[in-house]
Structures are given as structure tokens and as C-alpha cells.
Amino acid sequence: MWATCLVFFQIALLLGYFYADVTTRRLTRKRQCAVHLGLLLVSLLWLPIAPQMFWRAHVQVDPAWRILGLLTFSIGLPFALLSATSPLLQTWHARRASGRSPYHLFALSNLASLLALLSFPFLIEPRLSSHRQSVLWSAMYVLFAICCSLSAWLSRSNATNAFAVNEEPPIAGENTPPALRTKLLWLSLSACGSMMLLAVTNHLSENVAPVPLLWVLPLALYLLSFTIVFAKRRLYSRWLFARLLAVALGTAGYASYDSSITHAIQISVPLFCATLFVVCLFCHGELVQRKPAAHYLTSFYLIIALGGAAGAVCIGLLAPHILSGVYELPIVLLLAAILGSVILWQEGWSARIFWACVSVAMCAVLVWNVRTTRESTVAMMRNFYGALRIEEFKVGRVLPYRSLIHGTIQHGAQYLTFPENRNPTTYYGRKSGVGLALQFCCDGPKRVGVIGLGAGTLAAYGKKRDSFRFYEINPQVIEIANGWFTFLKQSPAKSEIVLGDARVSLESEASQQFDVLAVDAFSGDAIPVHLLTKEAFAVYFRQLKPDGILAVHTSNTYLNLAPVVKLVAEDAAYATRLIASEEDPLMLISSADWVLVTRNQRFLNAPETFAGIENIVVPPRLRLWTDDYNNLFEILRPVSYATRQSGGT
């Protein structure tokens, strides 16, 4: 989802820069002022800023297109005008302040973007509800529109016609348009930085650890690289950063080869983020080395935006449909090595030979990465929701079993031999919270709802006359559960699968009167917050029988989710019980934490349900999560706890 959002922002940035370039070169100052004032006025119709919820109901539409459509209709024109502000202001500044370079303003705008990026998750979101954020942002946008209108009005007159800038002579002369080769280098350098941003973000989220808010760090480094290289004081040195690039590519390539480094989060996250930073500094530094005279400023930024958008589209939209695995990082490392060879071609034969060797090494890393990913893998598939693979193993060379893997997280496992293949495994063992709920919830036939299909493991608890209703958002998971695992096929219970977002599906259905409703839709340690709010639980309770049991899977390496569930349950006058079960590798059982929410006193008092009970300690400042408010920082686990865990849900 974040990758798709980045695609939107890069495309909107491109449109904003295109608008700035066209109006600057084709319109007189008075007409440019009139057009900009008119668009600023029209953009106020988008206020207050809020997502258009109409887009969430279209289940059959590709989620990427739904996100792009939602963002376009929610913030399209305002964000495009915000994007156009930087090149427009720099052009106006160059007109009014003859003899001064406007390029440092681009560093200033990226610094402001960086500060805004860091302030939102750390300062704004923990303190303000979504509604208040919308009101605050809308008020600030009105203030922006007023200030920008004033700047546009002042720029329509009194400026000199000269664009002369007191700076070192650029490669292209003052009146000579940049050559096609130079423009292609602008495009390639910008695209490489953008692709590296998304590739590192995907790699960390899929192959290292889906840490909440981890996406902030790569984007912060990406913005920081622009801030550094475009600053007034020249900080970029090709001699230094070309050597750092070689070291970074070699280190990242070796880290991809050595899995022990890849799986050590305290090493891999800094390592890959440092690689991203060095690649971006090199690419963006070379952009500064080739920046044109101020007369061609808007065209320069337009091509940079085009490269950024192209890179984002390749990784965010095309890769999930073209690549069966998460291979973006080794591919981009190879592209960065090739680009380094092109840039440093003029340095002499020693540089050419060296960078040719680096490129060959990165090609070998890509081949090795693809080969090792396919070891023990019998099937691979990928879409918007991530890359899935089915692996087959043997325990002691006797009992073969099959496992469903998403990134580094196991979402289901099953023995391939009878009768072991009928046993519930992984997080759904008979001593787990959901296992106890399904065994002791009621007498006679039971009706069960499950949010999150996985391998269909919970169907192993089904008996004749039981009914299981699974809610799954990823169509590929449904194909895997029906084709590669037999939990659904061999269960005596009746099973049905509903495709789509579980909460939206449940909201649209009449009460299903479930005896047990299991919530297990978490993708590793990344949680869909909208499934843990007061409003979401109201939907769950409506679907349950009065004495039904809501079982919420709260195993998580980085977040302590049990207190969130307890607060929401207590707000609705429901009792809670945290069941922590231990692992049993021989039975393919993983340790798991489940919070059971119910008013069924008979179940709560049954002796069989007391095994594994743990106390839920609610942090003193934790607030009730709603659709309008949530705060991940209040439930972060200590670093020592996260380091001990192997991978989360």
C-alpha cells in the first residue's frame, strides 16, 4: 500500500512540475498569475481533506487502482499545486533576485518535507484524531493558498528579464539547451534513486522484518540526500561518493548472499538503509553536477520528476505483476552499478574495468538471489498483497510437510502424510486460544467465522454439521488454500470463502450468529489498524451470538496488541482472557498469543480453558482505539523483547 501511495505522489509531483514548466515557458507572467490564482481557488473545493470512502467498496478492482483513485479524488489537485510550488517559487526568485542561484530552495523544500515526514508519526498522529488532522491540514492549506497567491501576484511585475546566476558555469551554457545525453542522464539518475527507495522499503518489509513505521526511515534518507546535495554549500564529491558507492553495492550484495546478515534486523536495517543513502547521494549529487542554467530550471525538475515517477511505477505497479518474488533490490543494485559505469566512463580504463567488474558481481548477486529463493520452493506467486511461496521440507527425513511463507513469516503448515495432515498446526494448535475456543465454545454443531484464510488450518477443527465461513482479501491465498493444502478439502464441516476486506464484508452482511469469530488477518507484524478499533469490534459483536467468543490473534514481535483488545472489549462490557501457548516443533506448532473476548461465563469457568492464561497489563496512557484515533508508539515492545523474537505472526 505504501509503495502504491509513493507511486501516486511521484506522479502527482510530475504533473505539478509539468504544469510549472509549461506555464513558465509558454505563458506571460500575467497569464501565469491568473491561471495559478484560478487553480488555487478551484482547489479549495477539495477541502476539507478526507478520504472518499466510496472507493473501498469495489472488491473486484485492483487495490492499486483503488488507492490511486482514492488519492486522486481526495487530494489530487491540492497536492499537484503544492508540488508545483517549489519550481515556481524558484523561477520567480530567479526573476526578482538576479545574480542569485535558486537551486538551494530545492534543498530547503526537501528539508521541510523531511521535517513534515518525521513530525507526522512522532508528533501529530499520536496527539490528534484523524478529524482534527483534516481540519488542521485544511486550514493550513488555505493559508498556503493565500501566501502562494500573494507570491504569484508579486511575480507578475517588477522582475528583470535576466536569468543570469552568479554560480559556477554549468555544463550547458546559459543560452544553450541541455543536450539529449544530459537529459537522459537526468532521467536515469532520478529513476535509480526512486527505484532504490521502493526496492529497499520492499526488501526490509518483506525479507527482513515488517516493523511498524519502518517505511519512514528509507523515505527520510531519500529526502535528506536531496537536501544535502542541493544545499548552497557544495558537499558532494564524486571522488568520495564513487568509492562509497562501490563499497555500498559490494556490502549490500554480500548481505543478500549471507542469510545470517539478512535476518539480523539490528544489522540488516542499518546496512540496507546506508546503501540506499549512498546510492541516492551519488545519483542526486550527479544531478547537481549537471544542473542547467536557471533559464532551464523547470525543465530540469520536470525530467527529475519524470524519472522519479518512472522508477516508482516500475517497482510499485509493474514489479508485483512481472516478478514472482521480491527481486527488486538486486535488480536495482545491478542498475546502480551500470549507471556508475556510465557516469565514470571518462575516468579512464582502470575505472571502466573496475565498474565492469562491479556490474558483473551485481549480476551474480541477482542470479544467486533468484536461485536461493526457489530452493525448497514448489510454487511462487505475487500480487499487490505481497509475494507468497510454498515450500516443502522434511522433519528428520521422515515426515515431509508443506509451508506457506509470506516474506519471512509462516502463514500455515501441513504434514503431507496421514493422519498427521489432519492436525491443526502453527498458531492454531489445540492448546492455543483459538483452539480452546473452538473445542469448548458450545455443545453441538458450531458456526465459525474466520478473518484471514491462510492455509485454511482452522478447518481442521470442523466436524459434521459445523459451518466455517472464511473472509480473505487476497485471491491468491484462496488458490493456495484450495490447491496446495488439504485442510479445507478433508474437513467434514461445510466451508465457504468470502473474497474482500473482512470488515467491509461483515458490515454489509446480516448477523451470521457465529459461535466463534477468529480475527487473524495480520500480515506478519504489520497490522491493519481498522480491524482493531471500537467500530470494528462493534461489527464483530453484531455477528456473534450473545454467548459467542471473539478470538483475536495478538502475536507480534514489535507491538503489544493485547491491551488494545482489552480496552475495546471492556468498553463494550466484554470479558477478556489472554492465552499464551508454547511451541512444539515436532507437531509444527508455533508459540501464539490469543485474546479471547466473550460474555460466555460457562466457557470462562471451564477448567480446560485455564491453561496458558496470562495477565494483560494496560499502559497507563493508552487510549481507546477508534476509526478516528490510534497510536502505535504507546504499545511498542521493548527492544530487548523484539530482539529475542524470530518473526511475529
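Model, not experiment: these values are computed from the prediction.
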Inset, instruction - Assign the ring pair W215 / W2 to parallel, tilted or perpendicular, where the plane angle (0 to 90°) is split at 30° and 60°. - result: tilted

Inset, instruction - Kindly say whether L71 contributes a backbone atom to a donor-acceptor pair with the side chain of S74 at under 3.5 angstrom? - result: no

Legend entry - Check: R402 main-chain N/O paired with W484 side-chain donor or acceptor under 3.5 Å: no

Legend entry - Donor-acceptor contact present, side-chain S190 to main-chain I304, <3.5 Å: yes

Legend entry - Rounded distance (nearest 0.5 Å) linking atom CG of L117 with atom CG of N110: 11.5 Å

Legend entry - F18 atom CZ, neighbour heavy-atom count above 12 within 6.0 Å: no

Inset, instruction - May I ask you to decide if the ring planes of H284 and F226 are parallel, tilted or perpendicular, using 30° and 60° as cut-offs? - result: parallel

Legend entry - Polar side-chain atom of D21 near backbone of S299 as donor-acceptor pair, under 3.5 Å: yes

Inset, instruction - Quick one: pull up CD1 in I315 and CE in M195 and give me the separation to the nearest 0.5 Å. - result: 4.0 Å

Legend entry - Residue pairs passing the side chain to side chain donor-acceptor pair (under 3.5 Å) test where at least one lies in residues 6-16, sequence neighbours excluded: Q10-S194

Legend entry - Cation-pi, W349 ring and R352 (6.0 angstrom, 45 degrees): yes

Legend entry - Polar side-chain atom of S188 near backbone of L185 as donor-acceptor pair, under 3.5 Å: no

Legend entry - Euclidean distance, T182 OG1 relative to F300 CZ, rounded to 0.5 Å: 10.5 Å

Legend entry - Under 3.5 Å: donor-acceptor pair, side chain of S341, backbone of W355: yes

Inset, instruction - Please check if the side chain of R243 supplies one atom and the backbone of W239 the other of a donor-acceptor pair under 3.5 Å. - result: yes

Legend entry - Member of F282, F277, Y236 meeting the ring pair (Phe, Tyr, Trp, His ring centres under 6.0 Å) criterion with F241: Y236

Legend entry - Side-chain ion pair, E286 and R290, N-O less than 4.0 Å: yes

Inset, instruction - Would you kindly say whether S403 and E391 are connected by a side-chain donor-acceptor distance under 3.5 Å? - result: no

Legend entry - Straight-line distance of I322 CD1 to E328 CD, nearest 0.5 Å: 10.0 Å

Inset, instruction - For the pair Y103 and F230, name the ring-plane relationship: parallel under 30°, tilted 30 to 60°, perpendicular over 60°. - result: tilted

